[in-house]
Amino acid sequence: WPLPPPWYSVKRDDTSRRERTNAAKEFEELASMVSEREQLDLKLWHLACLANEPERQQEAEQLCRSMLQEAPACVPALVWSQERGFEVDRQPSIAALRERVNHHSASVEDVICLFALVANSEGIGVGEKILDEQRPLFDAEGKTHIWRAHKGQALVGRGQENAALRLVEEESDPLRKRQVRQAVLEAVSRKTGKPAAQADDLEAEFRDTGDVDALIGCCFARRKLRDWQFIADHADEIVKLAGTEGALRLAVEGAFFAGRDADVQRLLTQNVHLCSASALPSDLKRLLAESYRRHGLLGKAVASAVE
């Protein structure tokens with residue numbers, strides 16, 4: 001099923017938006033033509049098309065709500081509702097997932113989703129208890145690293161940061177260990193507001209792997225630290241590797257606050273095609289106009305502000 005991507009990785013150019021619009025219509029039509037048992041999968045793809053358009057969030061929320069009314073334990077719909085902040089009634093979903101767990105018919109995905117829902121509504125301790133009770137399921141499916149990642153976040157939530165970091169060391173596989181560590185460090189960053197360790201870890205991953213998500217995650221962490229120079233140093237790389245309006249916005253913001261006005265102007269004029277209708281959104285227009293003003297190009301500043 002389609003996983004919800006972070007907004008910075010969603011393409012906003014005209015071709016991508018047109019293809020999502022066409023796909024949404026196709027999935028909606030197909031869902032009306034198949035049996036009820038097959039409808040859910042098609043509705044999930046329809047939901048993904050809608051939920052990746054900022055202007056269609058209300059439609060996506062309504063579709064997600066109707067899907068959960070029909071199937072309260074639909075994990076993909078619950079994940080999309082959480083990632084996009086949709087208002088849905090989660091209590092029936094908690095009850096349905098609890099029933100699966102109690103009848104020993106739950107999957108790892110079911111347990112993780114229930115853990116998240118219960119932790120948010122009833123407290124981290126209640127959610128952690130579910131996670132602990134279901135540890136054998138993760139072990140049996142060879143997904144103990146996933147259990148450790150969520151257990152680590154629960155420990156951080158209860159103020160047990162050192163215990164969470166010790167949990168990281170229990171993972172022997174290097175790739176899985178990195179995944180567990182990053183989950184723990186992200187939780188530490190959220191709880192303490194101190195993302196330095198997370199930023200350093202993601203930077204090291206990017207140096208090792210060249211992974212664009214690691215670079216952008218690092219830049220968002222550096223953003224919290226107001227380390228504008230780091231973002232500005234990697235601005236071109238961010239835009240080239242991600243190729244999205246969200247990545248362009250992050251790169252331009254870094255260059256702007258680092259005082260690199262020429263880079264702001266170059267990034268925006270060369271990459272406007274990444275934006276919807278090949279036109280800069282109002283916030284990027286303001287940054288461009290201000291960069292021209294600071295650069296002494298008042299005529300261009302005025303022109304940019306009124307376009």
Side-chain angles (χ1 to χ4, degrees), residues 2-25 45-61 80 83-86 206 211-224 228-295 297-307:
L3 294 170
W7 278 117
Y8 70 75
S9 70
V10 177
K11 292 184 180 294
R12 302 281 294 143
D13 61 274
D14 291 345
T15 300
S16 297
R17 297 194 67 196
R18 183 169 58 251
E19 289 177 349
R20 275 197 299 272
T21 297
N22 292 337
K25 291 178 182 176
W45 287 96
H46 182 201
L47 173 64
C49 294
L50 296 178
N52 282 333
E53 291 292 345
E55 297 82 3
R56 304 188 73 175
Q57 295 302 287
Q58 187 173 0
E59 289 178 72
E61 182 175 276
W80 277 94
E83 291 299 312
R84 292 294 185 256
F86 297 154
F206 174 68
D211 181 68
V212 62
D213 289 322
L215 174 60
I216 292 181
C218 175
C219 286
F220 275 116
R222 299 285 183 202
R223 183 178 185 267
K224 294 177 184 177
W228 306 115
Q229 294 295 339
F230 179 91
I231 301 173
D233 287 344
H234 294 83
D236 288 295
E237 213 166 3
I238 293 168
V239 176
K240 180 181 178 181
L241 290 172
T244 64
E245 180 187 303
L248 176 62
R249 178 174 280 104
L250 175 63
V252 167
E253 185 183 43
F256 180 84
F257 288 110
R260 302 186 189 182
D261 293 321
D263 286 346
V264 171
Q265 296 153 27
R266 177 179 52 77
L267 285 164
L268 289 175
T269 55
Q270 291 181 359
N271 296 288
V272 66
H273 63 280
L274 299 177
C275 303
S276 180
S278 293
L280 295 178
S282 57
D283 60 327
L284 294 183
K285 279 185 180 179
R286 287 193 296 271
L287 288 182
L288 179 60
E290 180 61 15
S291 74
Y292 279 134
R293 187 196 67 78
R294 295 194 316 198
H295 217 190
L297 301 172
L298 300 183
K300 286 190 173 183
V302 173
S304 297
V306 299
E307 282 181 358

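No experiment lies behind these values; they were computed from the predicted model shown.
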Ignoring hydrogens and angles, tell me if any N or O in the side chain of [X] forms a donor-acceptor pair with the backbone of [Y] under 3.5 Å.
X	Y	answer
Thr21	Arg17	yes
Trp80	Pro2	yes
Gln265	Asp261	yes

Please determine whether a side-chain nitrogen of the Lys or Arg among [X] and [Y] lies less than 4.0 Å from a carboxylate oxygen of the Asp or Glu.
X	Y	result
Asp263	Arg266	yes
Glu19	Lys11	no
Lys240	Glu237	no
Lys285	Glu290	no

Between [X] and [Y], which heavy-atom pair has the shortest distance, and what is it?
X	Y	result
Pro5	Val10	CG-CG2, 3.8 Å
Cys275	Leu248	SG-CD2, 4.1 Å
Ala242	Ala247	CB-CB, 3.5 Å
Ala251	Val239	CB-CG2, 3.7 Å
Cys219	Ile238	SG-CD1, 3.5 Å
Leu274	Gly243	CD2-O, 3.4 Å

Just say parallel, tilted or perpendicular for the rings of Phe220 and Tyr8, cut-offs at 30° and 60°.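 Rings of Phe220 and Tyr8: tilted, as their planes differ by 30° to 60°.
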Between Arg294 and Phe256, is NZ or CZ placed under 6.0 angstrom from the six-membered ring centre and within 45° of the ring axis?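 Relative to the ring axis of Phe256, which defines the angle, Arg294 lies inside both limits.
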Say you draw a straight line from [atom1] of [X] to [atom2] of [Y]; how long is it, rounded to the nearest 0.5 Å?
X	Y	atom1	atom2	value
Leu284	Leu288	CG	CG	9.0 Å
Ile231	Cys218	CD1	SG	8.5 Å
Arg222	Leu250	CZ	CG	13.0 Å
Ile216	Arg223	CD1	CZ	13.0 Å
Ser276	Asp14	OG	CG	6.0 Å
Glu55	Leu50	CD	CG	12.0 Å

Apply salt bridge (Lys or Arg N to Asp or Glu O under 4.0 Å) to the pair Arg249 and Glu253, showing each step before the final yes or no. CA-CA 6 Å; Arg249 178 174 280 104; Glu253 185 183 43; over 6 Å; no
Do Asp211 and Leu241 come close enough that some side-chain heavy atom pair is under 4.5 Å?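 Asp211 vs Leu241: side chains apart.
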Considering only heavy atoms from C-beta outward, does the side chain of His46 approach that of Glu59 to under 4.5 Å?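 Not in contact.
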Could you check Arg12 against Glu53 for salt bridge (Lys or Arg N to Asp or Glu O under 4.0 Å), going step by step and ending with a plain yes or no? CA-CA 8 Å; Arg12 302 281 294 143; Glu53 291 292 345; 3.1 Å; yes
In terms of heavy-atom contacts, does CD of Gln58 have more than 12 from other residues, nucleotides or ligands at under 6.0 Å?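 Count not over threshold, so no.
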Regarding Asn52 and Arg84, do their side chains bring together a donor and an acceptor under 3.5 Å, going by distance alone?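 Side chains of Asn52 and Arg84: pair found under 3.5 Å.
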